[in-house]
Amino acid sequence: MTLAQELSQRLQQALESHAAAKGLELPEGFSAPVSTAADLRFGDYQSNAAMMLAKPLRCNPRQLAQELVDSMQLDGLASVDLAGPGFINFRVLPAAWSQRLQAQLNDPKLGVGQVEPRNIVIDFSAPNVAKPMHVGHIRSTIIGDSLSRIARFLGHHVTTDNHIGDWGTQFGMVIYGWKNLLDEQALKSDPLQELLRLYRAVNSLAKEDEAIKDACRNELVKLQAGDSENVEIWKKCVEVSKIGLNRIYDRLNVRFDHWLGESYYNDQLGPLVETLLSEGNAKESEGAICVFSGDLLEPNKDPFKEKRDDEWSDLPMIVRKKDGAFNYATTDIATVDYRLKEWQADEILYIVDARQSLHFRQLFDIAERRGCKAKLEHVSFGTILGKDGKPLKTRDGDLPQLDDVLNDAVAASRQILEEKSGDLPEDEKEQLAEIIGLGSVKFTELSHHRSSDYIFDLEKMVALQGDTAPYLQYSYVRISSIFRKLDEGSDYTPGEIAIEADAEIHLARCLSRFGEVLPVVLEGYRPNLLAIYLLDLAKAFHSFFEACPVLKSEGEVKSSRLALCELTRKVLEQGLGLMGIQVPERM
RNA sequence: GCGCCCGUAGCUCAGCUGGAUAGAGCAACGGACUUCUAAUCCGUAGGUCAUUGGUUCGAAUCCAAUCGGGCGUGCCA
């Protein structure tokens, strides 16, 4: 149990017995909130319960708080007092810190409690094949990977699925290009770039020339009809694309349990539409098969309604186009069915750009109407903008490829390594540059609130000062250095944690919050809260490092400080690991 | 038009279910390396939380309106 939970429980007991004695009835489902103190001068934790209850219980909040303060059983856990209009402030006692931290140090989960495990499917990254990943894929890939790691660490059963776009309309163009413009030599040396070149070349030709556009459409129709030559070309494209994608995923250390792309569901789409029709969930309209509103919501909240000319009209989800082809809506419905049936999903997370929110609102509404009980969540994120404040666009082909961005970040950290640690061996510098550079890119992404847009600024992303990955990695390095020095003297006797100095108390406070932060991160699908937490922790450690000598201290103080270092090291490593960021031993 | 998201320090952004004097980083200024790695630490300065009204003991946070920006809105994904 976390400190906050423990205090909350004790406060709740005091509250219930107080209410019973006075014949008062607590509001339905009320549980005493305890949160970290807003201002550390007041204590470590605080509760506003008395003020929240003043009105429903018709009592004076200060008086209620006083009664609770007087009657709480804290058993040496914390001191408690009353302030202002009824704040209840807790200050954890030194002995309690010692006991908590000791337990945390011995806990493989570092104080993170057990949860009721759920089957969580996480759908992320999902690039189109036949095109290399670009900066726009950073968000989904990194957020999704981090949430997967966090959910697993919390004890959930997580299934990750890369729902690649391997059946889109782009294949019309790619196949046309393959047949007419292919450079065999280039395909051998750098297949992904060659596919991209074909796509771009045909795309610009098709813009100019209707005949070429038609030819592309024709290739696509042939592919979808199972034309053997086109299917062969398609297979090759997917194959080489996957190799290219995997190179980047390996580099980023991102793994998927499955790669069930759009093509995987092809065979299920026809029958699915028939089912939707027979269920009464879909009907024909203007030549297409559509799903309309279930009329369960007010029109302005209904994803299937739209106000046009002062009148609410239908905005259906099209599951079969009038030309008979299916679209991504159809595939997504099939995908939900599959994940529910095959993976017994309790929860499905879609880590997808916020611009698709209408699509998901419709998709989830349909799923619910068809009896889906799982929690479906569009974990949306904002757009990556160019320096002009406008979205980076795929079409113009100008936006940087992901691999180039990663290379730039690695090169920037390599340069700093050269300046700061020039005497390290070359191969180690190379390795470190990779760890630090990629860490920076990931941390930049994860420290932003996901719903806000952000401007893609390579210099910023690669900046290695301030609130960045290297700051966190550096704190880890400083700890490692202490233990290296210690080994040389080899007089480490693990001891009780006994904290005294302000910097030690603050470090303890941060350390023990690890288990409080992670569940909140998953609840809101917000890795940035973890990023903030780790920055707080690293700051606390750096301050401690400056204020409290470790190796130069003696006896119990020394072994206690070593234990603090050990725990900090573990939490930093684990926390960064949950963001997919590695830690170096030196830098 | 309608719907969704956003507006916080010069810049980039935090701010968990409403809580005490709104916080970081960068940039600026001033200090700290013969002492566990200065990619660090300590300090100073910087604010009408877009505007107005409402809800209440208490609002950056909730509600409404307005202004400004972005996105979406029937056969692309």
Side-chain angles (χ1 to χ4, degrees), chain A residues 33 35-39 41-42 46 48 51-52 54-55 61 83-87 126 128 165 168-170 262 285-290 299-303 305-310 312 314-323 325 327-329 331 353-359 361 380 382-383 385 389-391 413 416-417 419-421 436 447-449 451-455 457 460 463-468 470-471 473-475 477-486 516-517 520-521 523-524 526 528-529 531-532 535-536 539 542-543 545-547 549-553 565 586-587:
Chain A
S35 55
T36 54
D39 189 325
R41 278 172 304 174
F42 298 121
Q46 69 179 57
N48 309 325
M51 290 177 292
M52 294 165 77
K55 186 165 247 185
F87 293 103
N128 284 324
T169 44
Q170 78 268 28
E262 291 169 350
S285 167
E286 296 174 26
I289 306 297
C290 303
N300 65 343
K301 296 287 169 202
D302 190 331
K305 296 281 186 190
E306 180 194 25
K307 198 165 192 175
R308 275 267 159 91
D309 301 329
D310 234 28
W312 290 103
D314 287 318
L315 183 64
M317 189 178 217
I318 294 164
V319 294
R320 191 169 76 197
K321 302 192 279 188
K322 66 182 169 199
D323 66 6
N327 54 21
Y328 77 122
T331 313
D353 194 305
R355 286 176 286 191
Q356 294 191 36
S357 70
L358 178 62
H359 166 71
R361 285 172 59 215
S380 65
T383 310
L385 306 172
K390 292 191 172 153
S413 56
I416 291 178
L417 272 166
E419 290 162 17
K420 308 262 182 189
S421 313
I436 296 168
S447 57
H448 283 87
H449 188 117
S451 73
S452 51
D453 296 345
Y454 72 82
I455 291 176
D457 182 336
K460 280 254 163 60
L464 303 174
Q465 286 173 347
D467 285 351
T468 61
Y471 179 84
Q473 291 167 322
Y474 184 57
S475 52
V477 162
R478 286 180 130 183
I479 299 173
S480 292
S481 178
I482 288 175
F483 282 103
R484 266 198 306 276
K485 289 261 158 53
L486 181 72
E516 292 169 14
V517 170
V520 178
V521 171
E523 208 174 304
R526 294 194 38 198
N528 77 313
L529 298 176
I532 292 166
L535 284 172
D536 282 345
K539 268 176 213 160
H542 282 300
S543 298
F545 184 91
E546 304 280 341
V550 177
L551 295 176
K552 290 205 163 50
S553 59
C565 287
R586 53 181 186 171
M587 63 193 271

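In what follows, every chain begins at residue 1, and chains take the letters A, B, ... in the order their sequences are listed.
Residue contacts for A:Ala547: at a heavy-atom cut-off of 4.0 Å it reaches no nucleic acid atom on any strand shown. Contact annotation for A:His359: no contact, since no heavy-atom pair falls under 4.0 Å across all strands. Within 4.0 Å (heavy atoms only), A:Cys565 reaches no atom of the nucleic acid at all. Note on A:Asn128: nothing from the nucleic acid sits closer than 4.0 angstrom, heavy atoms only. At a threshold of 4.0 angstrom between heavy atoms, the contacts of A:Ser543 are confined to the sugar-phosphate backbone, with no base atom among them. Using a 4.0 Å heavy-atom cutoff across all strands shown, A:Met587 reaches at least one base atom of the nucleic acid. Within 4.0 Å (heavy atoms only), A:Asp39 reaches no atom of the nucleic acid at all. Base engagement by A:Gln356 is indicated by at least one non-hydrogen atom pair under 4.0 Å involving a base atom. Using a 4.0 Å heavy-atom cutoff across all strands shown, A:Ile532 reaches sugar-phosphate atoms only and no base atom. Within the nucleic acid shown, A:Glu286 comes within 4.0 Å of at least one base atom, counting heavy atoms only. Counting any heavy atom pair closer than 4.0 Å across all strands shown, A:Ala354 reaches no nucleic acid atom. Counting any heavy atom pair closer than 4.0 Å across all strands shown, A:Ile479 reaches no nucleic acid atom. Residue A:Lys305 is classed as having no contact, given no heavy-atom separation below 4.0 Å to the nucleic acid. Among the protein residues, A:Glu419 comes within range of no part of the nucleic acid, since none of its heavy atoms lies under 4.0 Å from any strand.
Taking the C1' atoms as reference points, B:C62 lies 15 Å from B:C49, given to the whole Å. Nucleotides B:G53 and B:G58 are separated by 16 Å at their P atoms, to the nearest Å. Distance noted for atom P between B:G25 and B:G43: 10 Å (whole Å). B:A60 and B:G47 have their C1' atoms separated by 12 Å, given to the nearest Å. Nucleotides B:C16 and B:G69 place their C1' atoms 27 Å apart, quoted to the nearest Å. Comparing the C1' positions of B:G18 and B:C63 gives an interatomic distance of 13 Å, to the nearest angstrom. B:A22 and B:U61: their C1' atoms are spaced 11 Å apart (whole Å). Using C1' as the reference atom, B:C11 and B:G46 are 12 Å apart when rounded to the nearest Å.
When all heavy atoms are compared, the tightest approach of A:Ser413 to A:Ile436 is CB-CG2, 3.7 Å. Across every non-hydrogen atom of A:Asn48 and A:Gln46, the tightest pair is OD1-NE2, 3.3 Å. Closest heavy-atom contact between A:Ala354 and A:Ser380: CA-CB, 3.6 Å. For A:Glu546 against A:Arg478, the heavy-atom pair with the smallest separation is OE2-NH2, 3.4 Å.
Taking the side chain of A:Pro549 as heavy atoms from C-beta on, and the options B:C36, B:C75, B:A77, the nearest nucleotide is B:C36. The side chain of A:Ile318 sits closest to B:C75 out of B:C75, B:G72, B:C41. Of the listed nucleotides (B:G70, B:G19, B:A39), B:G19 has the atom at the smallest distance from the side chain of A:Met52. Comparing B:A38, B:U40, B:G74 by their nearest atom to the side chain of A:His542 picks out B:U40. Comparing B:U40, B:A24, B:U17 by their nearest atom to the side chain of A:Lys539 picks out B:A24. Across B:C4, B:A20, B:C76, the shortest atom-to-atom separation from the side chain of A:Ala38 is found for B:A20. Out of B:A14, B:G74, B:U35, the shortest distance to the side chain of A:Lys552 is found at B:U35. Distance from the side chain of A:Glu262 is smallest for B:A77 among the nucleotides B:C75, B:A77, B:A24. Comparing B:A24, B:G74, B:C2 by their closest approach to the side chain of A:Leu315 singles out B:G74.
Not one side-chain nitrogen or oxygen of A:Tyr328 sits closer than 4.0 Å to the OP1 or OP2 atom of B:A77. Within the 4.0 Å cut-off from OP1 or OP2 of B:A38, at least one side-chain nitrogen or oxygen of A:Arg478 is found. For the pair A:Ser447 and B:U12, the criterion of a side-chain N or O lying under 4.0 Å from OP1 or OP2 is not met. OP1 or OP2 of B:C57 sits under 4.0 Å from a side-chain N or O of A:Lys55. Not one side-chain nitrogen or oxygen of A:Thr468 sits closer than 4.0 Å to the OP1 or OP2 atom of B:A39. Residue A:Lys322 has no polar side-chain atom (N or O) positioned under 4.0 Å from OP1 or OP2 of B:G74. Note on A:Arg361: every side-chain N or O is 4.0 Å or more away from OP1 and OP2 of B:G3. Neither OP1 nor OP2 of B:C36 sits under 4.0 Å from any side-chain N or O of A:Lys485. A close approach under 4.0 Å does not occur between any side-chain nitrogen or oxygen of A:Lys420 and OP1 or OP2 of B:U40.
Stacking between A:Phe87 and B:G19 is absent: the ring centroid is not both under 5.5 Å from the six-membered base ring centre and under 30° in plane angle. The aromatic ring of A:Tyr471 is not stacked on the base of B:A39, since the criterion of ring centres less than 5.5 Å apart with planes inclined by under 30° is not met.
Summary of the strand contacts: A:Ser285 and A:Asp310 both lie near RNA chain B, and taking for each the nucleotide with the nearest heavy atom, the more 5' one is attributed to A:Asp310. If A:Phe42 and A:Arg308 are placed on RNA chain B by their nearest nucleotide, the residue sitting closer to the 5' end is A:Phe42.
Atom CG of A:Leu417 sits about 9.5 Å away from atom CD of A:Glu419, to the nearest 0.5 Å. Here the straight-line distance linking atom CZ of A:Arg308 with atom CG of A:Asp314 works out to 12.5 Å at 0.5 Å rounding. Taking CE from A:Met317 and CG from A:Asn327, the interatomic distance works out to 8.0 Å, rounded to the nearest 0.5 Å. Rounded to the nearest 0.5 Å, atoms OG (A:Ser480) and CZ (A:Arg586) are 11.0 Å apart. Remark: A:His542 NE2 to A:Tyr474 OH distance equals 7.0 Å, nearest 0.5 Å. With rounding to the nearest 0.5 angstrom, the CG atom of A:Leu315 is 15.0 Å from the NZ atom of A:Lys307.
Applying the 90° criterion around 0 to the glycosidic angle, B:C13 comes out anti.
Within the 4.5 Å cutoff, the side chain of A:Asp467 has heavy atoms near those of the A:Lys539 side chain. Using a 4.5 Å cut-off on side-chain heavy atoms (C-beta onward), A:Ile479 and A:Phe545 make no contact.
In this structure, CG of A:Asn528 is placed 14 Å from C1' of B:U12, rounded to the nearest angstrom. In this structure, A:Gln465 atom CD and B:C41 atom P are separated by 11 Å, rounded to whole Å. For the pair A:Asn48 CG and B:U61 P, the computed distance is 17 Å after rounding to whole Å.
Listed by first residue number, the stems of RNA chain B with at least three Watson-Crick or G-U pairs below 3.5 Å are B:1-7 with B:67-73, B:10-13 with B:23-26, B:28-32 with B:40-44, B:50-54 with B:62-66.
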